[in-house]
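One structure is given below, encoded as structure tokens.
When reading the values below, keep in mind they use all heavy atoms of this one structure, side chains included, and skip hydrogens, waters and symmetry mates. Counting starts at 1 for both ligands and their atoms, in listed order.
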Amino acid sequence: MNSKELKKKYIEFFKKKGHVEIKTSSLIPENDPTVLFTTAGMHPLVPFLLGQPHPAGRRLVSVQKCLRTGDIDDVGDATHNTFFEMLGNWSLGDYWKKETIEWCYEFLIKELKINPNKLHVSVFAGDELIPKDSESAEIWISLGIPKERIHFLPREDNWWGPAGETGPCGPDTEMFIDTGKEKCSPNCKPGCNCGKYFEVWNAVFMEYNKTKGGNFEPLKQKNVDTGMGVERTTAVLNNCKSVYETDLFKPIIDKIKELSKKEDTKAERIIADHLRAATFVLAEKIVPSNIERGYILRRLIRRAIRFGRILEMEKGFTKEIVEVVIDNYKDEYPELEKNKDFIFEELEKEEERFMKTLEAGLKVFNKLAKEGDISGEKAFLLFQSYGFPLEMTVELAKERELKVDVDGFHKAYKKHQEISRVGAEKEFKGGLADSSYETTKLHTATHLLAEALRRVLKRDIVQKGSNITPERLRFDFNFDRKLTDEEIKKIEDLVNEKIKEGLPVIKKEMTLEEAKKIGAQGVFEGKYGEKVFVYFINDFSKEICGGPHVKNTKELGEFKIVKQKSIAAGVRRIKAIVK
Ligand code: SER
């Protein structure tokens, strides 16, 4: 049974049990600022697990695209992936343990034809906070699973969630297939990572909500949340030794082998996993950068490139592999084909950017490595000047049995941010002290420019720096190539249009929360106090700022961009005037 058949069977089975199929949500969580990516099928359902009625009803089923980077170092073994697809079914305050476990059993044995004698399950052993889940164990026994194949495990194994810091969670029961391999030790049991017991399914009994204070309070309704990994289940159904032998990965691995001059299973797997994940992230229009999602994407691409070099692949190999990924998935995920040009363009740029500094960076790394363990400052130098993600430095160091001072790296990073912030504040103070009419005008022009960049370049443009003198404005922002003459003209035209329209500039005081909620622009992290000012330029722009600004855009005169240049990887600078 290939992966497509498995997905179809799953959806059909639960539809027959009264479930409604819901479409996969984006990899970017819509309402959860506590995580960067969607990590499970339940993630987009959080509001409904908390009690809001779902428009499709109380029984839902889906295939959800997910990304988890917590296990990134394990990628390369038989089963760990960053990106994966998860099958899931949910009861939103509807059925409970009996139906859940009975259907799991029926699906595994009758539909997937798994030998019932090979099935092991685990249930929550209980602790000082939550009692042992004897009810689930009894249900498994009633289905004929003997006691010795029911394992009571602690919280580390049999408790799920929440996905972020807060939210729905609860004890779970997990299902494993005994692969027939020797036990790695007399204590080997489900939950052990040696590969003897292969986890295929997890059913979570979500009765609790974890609050900000770390307490577990009962949820309004008792929910069921199950998750089955498509990759692993396809592997176990087809007696594959790893997920890379399944139809989900086979064509990708074949392509990698074709492009390699050397053989190295682990490297091949890492490249396949990371480029598949990067393709899906790029399809969400995320671009590689040094923060948040962009940083994860950068790590995935750069790690794939580094392993590609180990296999002696030629420059541009990422694109050829991604082409196969897109082909393999485009029927189920049309966003891949739709954003193909964007994906290739970004990939090529990131490969070029990385290649430019990689050689030099490796030389520096080798030199530093000769001096012993890598200090935080050194790791930061590699990050700042050679684009080495911290994790890559750690990995390279590990290969040489050296340590990296990770805390020291974060300190150096913070210090650097602090210096640029103090710099920015000084500049800002300078602006305030010199609140001449000319600088005030340029302040407002800066807001117009930032918004015009967003609209013309159609990207999530954020300010990386700003400096204003009475003569000109200077604005730094995240963008990775030269703007074309046509783009410059469009931006100038749009700003000038807004100046001509004579839009009122209005200041409102609100809490940072409110400002975030209404989507005001601003560098949020740790920069502002509780209360902030948001400047509205009619409905064209809203931005957190201390001011000062003009009262109406018509005061500005004609706006003109006089210079543009790159000041760091992925950061551009524009200088502009109004006259
Ligand atoms: N949320 C659970 C998991 O991720 C079940 O879907 O395993």
Chi angles and distances behind the side chain to side chain donor-acceptor pair (under 3.5 Å) call for Arg58, Tyr95
CA-CA 9 Å; Arg58 289 176 171 278; Tyr95 57 85; over 6 Å; no
Between Lys210 and Glu165, is there a salt bridge with N-O shorter than 4.0 Å?
no
Tell me whether Glu284 is salt-bridged to Lys65, with the criterion being a basic N under 4.0 Å from an acidic carboxylate O.
yes
Enumerate the salt bridge (charged side-chain N to carboxylate O under 4.0 Å, His left out) contacts for residues 140-151, please, sequence neighbours excluded, ordered by first and then second residue.
none
For Asp254, the salt bridge (charged side-chain N to carboxylate O under 4.0 Å, His left out) test, sequence neighbours excluded, returns Lys250
Residues in salt bridge (charged side-chain N to carboxylate O under 4.0 Å, His left out) contact with Asp480, at least two apart in sequence or another chain
Lys349, Arg353, Arg459
Neighbouring residues of ligand 1, heavy-atom cut-off under 4.0 Å
Ala40, Met42, Arg68, Met86, Trp160, Asn202, Val204, Asp225, Thr226, Gly227
